[in-house]
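Quick notes on the structure that follows.
First listed ligand is number 1; within each ligand, the first listed atom is number 1.
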Amino acid sequence: MSPEELKSLVRTIPDFPKSGIQFRDITTLIGHGEGFRASVDWLSAQVSKGPADAIAGMEARGFIFGAAVAAALGKPFIPIRKPGKLPIETIGVDYALEYGSDRLEMDPKAVKDGCHVAIVDDLLATGGTACAATELLRKAGANVQAASFIIDLPDLGGAQKLRNCSVEVTSLMQFEGD
Ligand SMILES: O=P(O)(O)OC[C@H]1O[C@H](OP(=O)(O)OP(=O)(O)O)[C@H](O)[C@@H]1O
Ligand SMILES: Nc1ncnc2[nH]cnc12
């Protein structure tokens, strides 16, 4: 499927979860079998361009794509979770969202020192989530050099924010004017 066809599978919901937000909903993309497979194939190809010993994905939508990419490439998946979900001692980082704030946590023993971890998520907006995940993975000893997304909202500056922390960014589709 072409990038344009895949883009047409993303549903836009105006004013969700707050007035003024154009919510880019990937449930319609993953609800289309060929579209889901093509999206995962594209992400897997991006991840395969660089060193990656493991794939990390952020709860919840990052689990959908990150776990699929990890399984497709036969690599470990590292879940980066919202607070209070992991049944072990965790390390965490607080961050701001386009429509709120949150915290990410992970198992500090999930990565070996210096191993390369690629980040995968559905969408890049302000970059708060992906930068927090990068900080967290680096705190655990990972070498984070790349992050891949299905959707980028370029007007929100997330890609530049990530590049400022030395993370290379790729995205399958972009929605301008958000
Ligand atoms: O670049 P940012 O401004 O940080 O926004 C992007 C993040 O926002 C969404 O997740 P959300 O926190 O809404 O959680 P969800 O995956 O549980 O829906 C999305 O899946 C990204 O992880
Ligand atoms: N505009 C948006 N649509 C969907 N998910 C998002 N996460 C952050 N901003 C978003």
Among [options], whose heavy atom sits nearest [atom]?
{"atom": "atom 19 (C) of ligand 1", "options": "Leu124, Ile150, Thr126, Asp122", "result": "Asp122"}
{"atom": "atom 5 (N) of ligand 2", "options": "Arg24, Arg61, Gln22", "result": "Arg61"}
{"atom": "atom 4 (O) of ligand 1", "options": "Leu153, Thr129, Asp152", "result": "Thr129"}

Can you tell me how far [atom2] of [Y] sits from [atom1] of [X], rounded to the nearest 0.5 angstrom?
{"X": "Lys161", "Y": "Thr134", "atom1": "NZ", "atom2": "OG1", "result": "10.5 Å"}
{"X": "Met58", "Y": "Asp102", "atom1": "CE", "atom2": "CG", "result": "12.0 Å"}
{"X": "Phe149", "Y": "Thr170", "atom1": "CZ", "atom2": "OG1", "result": "8.0 Å"}
{"X": "Gln46", "Y": "Asp41", "atom1": "CD", "atom2": "CG", "result": "11.5 Å"}

(request) Keeping the roles fixed (side chain from Glu59, backbone from Lys82), state whether a donor-acceptor pair exists under 3.5 Å. (result) yes
(message) Under a 3.5 Å distance rule, please check whether Lys75 uses its side chain to pair with a backbone N or O of Ala52 as donor and acceptor.
(response) yes
(message) Under a 4.0 angstrom heavy-atom cut-off, which atoms of ligand 1 come close to Lys82?
(response) 12 (O), 14 (O), 15 (P), 17 (O)
(request) Report yes or no: is the cationic atom of Lys7 (NZ for Lys, CZ for Arg) closer than 6.0 Å to the six-membered ring centre of Phe175, at no more than 45° off its axis? (result) yes
(request) Looking only at distances, please establish whether an N/O atom of ligand 1 is found under 3.5 Å from an N/O atom of Arg61. (result) yes
(message) Regarding ligand 1, does Ala125 bring an N or O atom to under 3.5 Å of one of the ligand's N or O atoms?
(response) yes
(message) So if I count the atoms of ligand 2 from 1 in the order they appear, which ones are less than 4.0 Å from some heavy atom of Ala125?
(response) 8 (C), 9 (N)
(request) Pull out every atom of ligand 2 sitting under 4.0 Å from any heavy atom of Leu123, numbered as shown with elements. (result) 3 (N), 4 (C), 5 (N), 6 (C), 7 (N), 8 (C), 9 (N), 10 (C)
(message) One pair to check against salt bridge (charged side-chain N to carboxylate O under 4.0 Å, His left out): Arg138 and Glu135. What are the steps and the verdict?
(response) CA-CA 5 Å; Arg138 285 177 176 165; Glu135 192 184 332; over 6 Å; no
Decide whether the shortest distance between a heavy atom of [X] and an atom of ligand 1 is less than 4.0 Å.
{"X": "Asp102", "value": "no"}
{"X": "Glu59", "value": "yes"}
{"X": "Gly127", "value": "yes"}

(request) Check Ile151 against ligand 2 and report side chain, backbone, both or neither, counting heavy atoms closer than 4.0 Å. (result) neither
